[in-house]
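Here is the structure we will look at, set down as C-alpha cells.
All residue numbers in this chain count up from 1 along the given sequence. Note that the structure is a prediction, hence the values are computed from the model and not measured.
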Amino acid sequence: MNLIKCHIENFGRLSNVDFDFNKGVNSILEENGWGKTTLAAFIRCMFYGLAGSRKKEYIENERAQYQPWNDGFFGGEITFEVDGKTYIIRRNFGKKDKDATFQLVNASTGLDSSDYSENIGEELFGVDRASFMRTSFVDHTSLRYEGISSAISAKVSSVSQRGDLENYDRSADKLTAYLNENSPTRKSGKLAKINESIKQLEYDLSVEEDTSKRIQELRDKREVEEKKLKSFEAASRSIGEYNTLKSNAEGMKRSIDSMPVSGNDRLEELSKLFANGVPAESEVQEHIGLNNEVQNLVQKNSSLDKLIIDETRIVEAEKTRIQESQIENDRKAKNKKLAGIGMLAAGIVLALAVLLLSGAFKILIPVLGAVLIIAGILVCVTAGKSSAPVGNIDESRLNNIKNERQANEAEIAKNQQRVAAFLSRFGIEYGNDAEANLYSIKSKVEEYEGLKKGKADYDSKIAEMKATYNEALVKLNEYVEAHPELAGEDVNHNEITTGISEAQANIAAYDRQLDEAMEKLDEQEEKKETLAAMKEEMAELKAHYEVVKKTSDYLREAKERFVARFMSPIMTSFEKYHKIMVGTDAKDFIIDANMDISKKEEGEYHDIEAQSDGLADMLGLCIRVALLDTMYTKEKPFIVMDDPFSNMDEAKINGGKKFLDEISKEYQVIYLTCHKSRM
C-alpha cells in the first residue's frame, strides 16, 4: 500500500498545502513549529477520523487541537493505492461530530466507492487506532515499546480481529477486575469484607440481651397506663361535652341579645306615609309620566302662544290694509255718485227746458237731457259697485292654533288633576315641585319595601336563633340529668387534666422504649437473617470466585501457548533490524509469550525500559517494524515517522539511517524531521 498525494484544505496551522509521495522514504525537512506533527496527524485522521471529540482535556481532544486557525473548511483529501486500485479519501471533520462527512472515491472512475466505509483505517490495516499508533505510526514522544494489544496479536496470528484473541485483553481485564473485586485476601475484596462482616455479626449476637422479655414487660406497664388514660378521658369527655353544650347555649343567647335592630323607626314613619296603601312601582311611574306629559304640553303651549301672537299680527295687518283700501274706494264711489247726481240733475233741467224752448233746440235739448239723465244713472250705479268690500281675511290658521292650544290646556288640566289626586293620597299638595315629590314617593316606596323585607328577614332569623337556643337548652338539661355529677362542686377538673397528662406522658415514654426495643429486636432478627444470607452468599461467591480464577488461569495459558507460535518470526525480524541499527547481534534479548522484551545483563533479564532513552527508542523502532513484518505478509502499510531519532546521538542516527534504507525496500516511509543531520 502506498500514499500518492494529499491536499490539506485546513487542518490545525496547515492551510491549502499539497504533498506528493513516492515509494520508499519521503523525507520532509522543516523547522520546528512548521506543522510536521500536524501533517502526521492529518494522515492518521484521514484514515481513522478524529479522536477524543468528547474529551475535556485539550491534549486528548483532536478536534480541539486541529480546528483550523483561520476557521475555514476543516479537512482535505488523500490519494492512496492498495491492491492495484487507487482511491481518494475526502473528509470534512466539521465543528462537531454530527457535522463530519466522509467520501471514498475511485480515482480511476471519479465515482463514489463502497469498497471501504468510514472506518477505512480498521478495514485496511486490520487494527484499531490504538494498535495503529503502536505499529505504523511512530511519534517521537512515544517511540518506546508499550507491548501489544489483542488486535495486534490477532493480526500477527492472521486471526480475524473479531475473533477470540482480539477480545482477550477485554476478557482478561474483566476477569482480573472480578478477581480483585472479590478477593478473599485483599482488604478491598468482597470475600474478605463478607468474612469480616460475618465475624462481627456473630460477635454482636453473642453479647446482646433477651429483648423479647423486655418488650413484654413494657407492654404490661403500658396497658396499665392506658386503662388510667381511658378512665380520665371518659371523665374529661363528659366535662368537655357539658362545657360545649353550655357554651353553645350561652353563645346563642348572646347572639340573640346582640342582634342589631335597625330601620324600625323609619319603617314606621313610612308606614304612616303609606297608610292608604303602598303604590305599585308601575303606578308611581305612570304618574311621573303624566307629570312629564303636563310639562311637555306646557312647553308646547308656550310655543303655540308665540305662534298665535305672530298670526294675530298678520291678521291685523291684513285688516288694516283692507280697511284703508275700502275707505279709498268709498271716497271714489262717493265722488262718482255726486258726479252722477249732478249729471242726473242737469239732464232733468234740460228735459224741463223743453217747455221753454222751441224750434230745433226743443228737440235737441231734451235729447241731451235724456243722455245726461241716463249717464247720471249709470254713474250712480257704478259708484255703488265701487264702494263694495275690497277683500276677505283668512283666520283659519289662527283659529286652528287656538283650538290646539285649548285642547292642550284641557289635557294639562286633566293630567294635573290625576297627579294632584295621586299626591293627595300621601298628604302632598300639587304644585311646581310635583316632579320632585313623585320621585321622592318612588324612592320611599323602594326604601319601604327594602325595610319591610329586612324586617321579615330579621324576624325570621331571630325566630330561627330562638328555636336553636331552645334546642341547646333542652340538650344541656338532658345531659345534666344524665350526668348529675357534673353539677356538683366535688368535680376536680384539674385532677382529671393532670391525670390525663401523666398517663399520656407515661404511655409516650413506654412507646419510645418499645420502639427502641422493637428496633433492637428487628436488628437482631435482621442480623440473624443477614448472617445466614452472608454465609450463603459467601459460599456461592467463593465457589464462583474459584471458577473465575481457574478460567483466568486457563485463558492466560491458552493465549500464551497460542501467541508463542508467532514469537519466532517476530524475533527473527527484530534481530535483523537490531543488527542494522545497533550494529550488534540481539542474542541477549528474549521475547516472551506476552510479547514483552527483556535484555540479559549481569546474569539477569531486565525490561527494555531500563535502557537509555536513545537505545530504548531504537529497540522500540525495531520491534514495531518486526511486528509489521509479521502482521502484513502481503500488502505492506505505509509508516509515518515523526522525528524518531530525536533522542539518538550521531552514532545511533547513522544506524537509524541504515534502518530507514532497509525498511524502505518494503515499506513506504513518511519521514518528518527538523534536522538535516537526521536525514
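Minimum heavy-atom separation, Ala517 to Ile215: CB-CG1, 3.6 Å. Across every non-hydrogen atom of Asp20 and Asn26, the tightest pair is O-OD1, 4.2 Å. When every heavy atom of Lys636 is checked against every heavy atom of Leu628, the shortest pair comes out as NZ-O, 4.1 Å. The minimum heavy-atom distance linking Ala41 with Phe137 is given by the pair N-CZ, 4.2 Å. Between Arg219 and Met518, the shortest heavy-atom distance links the atoms NH2-SD, 3.9 Å. Leu14 and Trp34 get closest at one heavy-atom pair: CD2-O, 3.7 Å.
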Candidate pair Asp585 and Lys579, rule side chain to side chain contact (heavy atoms under 4.5 Å, CB included), full reasoning: CA-CA 5 Å; Asp585 294 332; Lys579 178 73 173 178; 3.4 Å; yes
Derivation of the side chain to side chain contact (heavy atoms under 4.5 Å, CB included) call for Tyr632 and Thr135: CA-CA 11 Å; Tyr632 304 98; Thr135 52; 5.6 Å; no
Intermediate values then yes/no, salt bridge (Lys or Arg N to Asp or Glu O under 4.0 Å), Arg214 and Glu516: CA-CA 11 Å; Arg214 171 66 175 159; Glu516 292 172 359; over 6 Å; no
Criterion side chain to side chain contact (heavy atoms under 4.5 Å, CB included) on Tyr577 and Ile623, from CA distance to verdict: CA-CA 8 Å; Tyr577 295 129; Ile623 191 62; over 6 Å; no
From CA spacing to verdict: side chain to side chain contact (heavy atoms under 4.5 Å, CB included), Asp18, Lys5: CA-CA 7 Å; Asp18 293 281; Lys5 62 180 179 179; over 6 Å; no
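When each of Phe74, Phe42, Phe93, Phe11 is paired with Tyr66, the ring-ring contact (aromatic ring centres under 6.0 Å, His included) condition holds for Phe11 and for no other. Results of the side chain to side chain contact (heavy atoms under 4.5 Å, CB included) test with Arg129 over Arg134, Arg44, Glu122 single out Arg44 as the only residue that passes. Of the listed residues (Phe638, Phe125, Phe47, Phe21), just one forms a ring-ring contact (aromatic ring centres under 6.0 Å, His included) with Phe80, and that residue is Phe47.
Atom NZ of Lys550 and atom CD of Glu546 lie 6.5 Å apart (nearest 0.5 Å). Note that CG of Leu124 is 10.0 Å distant from CG of Asp115, once rounded to the nearest 0.5 Å. Once rounded to the nearest 0.5 Å, the distance linking CG of Asp642 with CD1 of Ile670 reads 12.0 Å. Taken to the nearest 0.5 Å, the CZ atom of Arg624 stands 11.5 Å off from the SG atom of Cys622. If you take OH on Tyr671 and CG on Leu29, they are separated by 9.5 Å, rounding to the nearest 0.5 Å. How far NZ of Lys193 is from CD of Glu181: 9.0 Å, rounded to the nearest 0.5 Å.
Counting heavy atoms from C-beta on, the side chains of Pro184 and Lys542 never come closer than 4.5 Å. In this structure, Arg63 and Asp97 have side chains that are in contact, with non-hydrogen atoms separated by less than 4.5 Å. In this structure, Leu531 and Ile198 have side chains that are in contact, with non-hydrogen atoms separated by less than 4.5 Å. Side chains of Glu225 and Lys221 form no contact here, defined as non-hydrogen atoms less than 4.5 Å apart. Considering only heavy atoms from C-beta on, His7 stays 4.5 Å or farther from Ile78 through its side chain. With contacts defined as side-chain heavy-atom distances shorter than 4.5 Å, the pair Val127/Met631 qualifies. In this structure the side chain of Met618 never reaches within 4.5 angstrom of the side chain of Phe659, judged on heavy atoms. Contact annotation: the side chain of Met641 approaches that of Leu660 to within less than 4.5 Å [non-hydrogen atoms, C-beta and beyond].
Applying the 6.0 Å contact sphere to NZ of Lys658 captures no more than 12 heavy atoms from other residues, nucleotides or ligands. Annotation for Lys23: atom NZ does not count as buried by contact number, only 12 or fewer foreign heavy atoms lying within 6.0 Å. For Glu217, the CD atom counts as densely surrounded, since its 6.0 Å shell holds more than 12 non-hydrogen atoms of other residues, nucleotides or ligands. Within 6.0 Å of atom CD in Glu30, more than 12 heavy atoms from other residues, nucleotides or ligands are found, so the atom counts as buried in its surroundings.
Counting only distance, with no hydrogens or angles, the side chain of Arg91 and the backbone of Met46 share a donor-acceptor pair below 3.5 Å. Put simply, the side chain of Tyr510 never gets that close to the backbone of Glu223: no donor and acceptor are under 3.5 Å apart. Side-chain atoms of His578 never come within 3.5 Å of backbone atoms of Leu619 as a donor-acceptor pair (strictly under, hydrogens ignored). Glu123 places a side-chain N or O within 3.5 Å of a backbone atom of Ser117 that can act as its donor or acceptor partner. A distance-only check finds a donor-acceptor pair linking the side chain of Ser664 to the backbone of Asp661 [under 3.5 Å]. Between the Ser183 side chain and the Leu179 main chain, no donor and acceptor come within less than 3.5 Å of each other. With hydrogens and angles ignored, the 3.5 Å screen pairs no side-chain donor or acceptor of Ser136 with any backbone N or O of Phe132. Under a 3.5 Å cut-off, the side chain of Glu62 and the backbone N or O of Leu50 do not form any donor-acceptor pair. Judged by distance alone, the side chain of Gln668 and the main-chain N or O of Asn22 form a donor-acceptor pair under 3.5 Å. Formation of a donor-acceptor pair under 3.5 Å by the Lys36 side chain with backbone atoms of Glu31 is found in this model.
Taking 4.0 Å as the cut-off between side-chain N and carboxylate O, Arg222 and Asp511 count as a salt-bridged pair. Salt bridge annotation for Arg90-Glu9: absent, with no cationic side-chain nitrogen under 4.0 angstrom from a carboxylate oxygen.
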